[in-house]
There are 2 protein chains.
Amino acid sequence: MSKRRILVPFKKRTHDHAECIDSALVSAQSSCERQGLRLTKMRRRVLELVWRGHTPVKAYDILEELRKEDRAAAPPTVYRALDFLLNAGLVHRIESLSAFVGCGGPATPHFGQFLICRECSAVAEIDAPAIARALVADAEALGFHADRQTIEIKGLCADCSRLDP
Amino acid sequence: MSKRRILVPFKKRTHDHAECIDSALVSAQSSCERQGLRLTKMRRRVLELVWRGHTPVKAYDILEELRKEDRAAAPPTVYRALDFLLNAGLVHRIESLSAFVGCGGPATPHFGQFLICRECSAVAEIDAPAIARALVADAEALGFHADRQTIEIKGLCADCSRLDP
DNA sequence: GGCTGTAATGTTATAGTATAACGTTTCAAA
DNA sequence: TTTGAAACGTTATACTATAACATTACAGCC
Ligand SMILES: [Zn+2]
Ligand SMILES: [Zn+2]
Ligand SMILES: [Zn+2]
Ligand SMILES: [Zn+2]
């Protein structure tokens, strides 16, 4: 219980988010090149919109943005791009919110473990391999072969719990 | 990392499921009495339908069943009953499937940790408090106050992995 | 460069999940 | 028996996601 990595931290409200977007797009580019995947203009644009902030983004919010640029944009466009980004490991789906967040460590495959603030909606991504392994082991003990896991924690981030009570 | 309990095991294909339903309804009854909650006819009926088997049940599947009994049944009826059952701790929502399963241990509050077979859809519910605590601790280390967690593991159950490969 | 096949995107329609809003009934407590 | 809140009925609509088929873009070949 120890080598927990923080893939996406809770950010200060004042941080330079343009830099977050930039670095995500650069990682995505090289990640795709390495895997022989095509990060097309549309996919890149959708990824950029997912990284609009550090809160989960809904498919139809992305669609709304796209429609400002192309009046005729339709749901399949968004969902196809999101499918690609999910498979490429560039975004994660937050199941409990039907929404998407950018992945903070696309270089190495993982399922994502998320802390979600119910007040400000900020999301942090951590990687706690010990926990993932413990779950796999518990499953294995029942003869179950785990190949995917969803871990989503809800609560209050440090900022919000300071203010809220 | 050890005192894992099995709240709902993977069942033999031949087990007496009427008994599962019965025992769930009896637990539910006493659980509601203890908490001063009203397990009405409708809520009881919906709970019974959630326990139709050991696979997750969709809200609209429940609705379809209800409509066999009352032609006019509508979505809010189902969702209201499900909300009650969720709050009463009698069912869990599987976020990654938008579906519901009966809770195997409604007497004590917990969030549920699920093993979901992608082949036969069977679901087992376990309670591994050590893992829940480890997640809370990891969150706490970041100043995050966790109050709820979603843990869903996908893979192949023992039966299906024996046959599949 | 021009061909060619596959991958990506466009387009229209529809399926599936969930809640808002307001009216009516039920039922336990006063 | 009144009465007020909780439960349920009813209608409409919002939100999430995919099916199916047409068109365009683009890498690999000649
Ligand atoms: Zn940022
Ligand atoms: Zn990630
Ligand atoms: Zn059973
Ligand atoms: Zn199975």
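Here the structure is a predicted model, which is why all the values come from computation and not from measurement. Reminder, nothing fancy here: chain letters follow the sequence lines and each chain counts from 1.
B/A73 comes within 4.0 angstrom of no nucleic acid atom, judged by non-hydrogen atoms across all strands. Across all strands shown, B/A72 has heavy atoms under 4.0 Å from sugar-phosphate atoms exclusively, and none from any base. Residue B/R80 is in base contact, counting any heavy-atom pair closer than 4.0 Å across all strands shown.
With rounding to whole Å, B/D83 atom CG is found 15 Å from D/dA6 atom P. Between the P atom of C/dT17 and the CD1 atom of B/I62 lies a distance of 11 Å, rounded to the nearest Å. Taking atom CG on A/N87 and atom C1' on C/dA7, their separation rounds to 15 Å, with Å as the unit. Straight-line distance from the CG atom of A/L37 to the C1' atom of C/dA8: 13 Å, rounded to whole Å. Per the geometry, OH belonging to A/Y79 stands 19 Å off P belonging to C/dT11, to the nearest Å. As rounded to whole Å, 10 Å separates atom P of C/dA29 from atom CZ of B/R38. Computed from coordinates, the B/L66 CG to D/dT10 P distance equals 13 Å when rounded to whole Å. In this structure, A/L63 atom CG and D/dA14 atom P are separated by 16 Å, rounded to whole Å.
Closest to the B/A74 side chain, of the nucleotides C/dA8, D/dT10, D/dA19, is D/dT10. Taking only side-chain atoms of A/M42, from C-beta outward, the nucleotide of D/dT10, D/dC26, C/dT9 with the closest atom is C/dT9.
Not one side-chain nitrogen or oxygen of B/S98 sits closer than 4.0 Å to the OP1 or OP2 atom of C/dT17. Between B/T40 and the phosphate of C/dT26, there is no side-chain N or O to OP1/OP2 separation shorter than 4.0 Å. When the side-chain nitrogen and oxygen atoms of A/T77 are compared with OP1 and OP2 of C/dG10, one or more of them lie within a distance under 4.0 Å. Contact annotation: A/R43 reaches the phosphate of C/dA8 (side-chain N/O to OP1 or OP2, under 4.0 Å). Contact between the side-chain N/O atoms of A/K58 and the OP1/OP2 oxygens of D/dT16 is found at a separation under 4.0 Å.
Defined by atom type and a distance below 3.5 Å, a donor-acceptor pair is missing between the side-chain atoms of A/R4 and A/Q113.
Using a 4.5 Å cut-off on side-chain heavy atoms (C-beta onward), B/K11 and B/C20 make contact.
The residue among B/K41 and B/P76 whose nearest nucleotide of DNA chain D is located toward the 5' end is B/K41.
Taking the six-membered ring where tryptophan is involved, the planes of B/H17 and B/H54 are perpendicular, since the angle between them exceeds 60° and thus also 30°.
Taking the 5.5 Å centre cut-off and the 30° plane limit, the aromatic side chain of A/Y60 is classed as stacked on D/dT16.
Considering A/F111, A/F100, A/F114 in turn, A/F114 is the only one that fulfils the ring-ring contact (aromatic ring centres under 6.0 Å, His included) rule with A/H92.
Taking B/E95 as the reference, B/R93 meet the salt bridge (Lys or Arg N to Asp or Glu O under 4.0 Å) condition, with sequence neighbours excluded.
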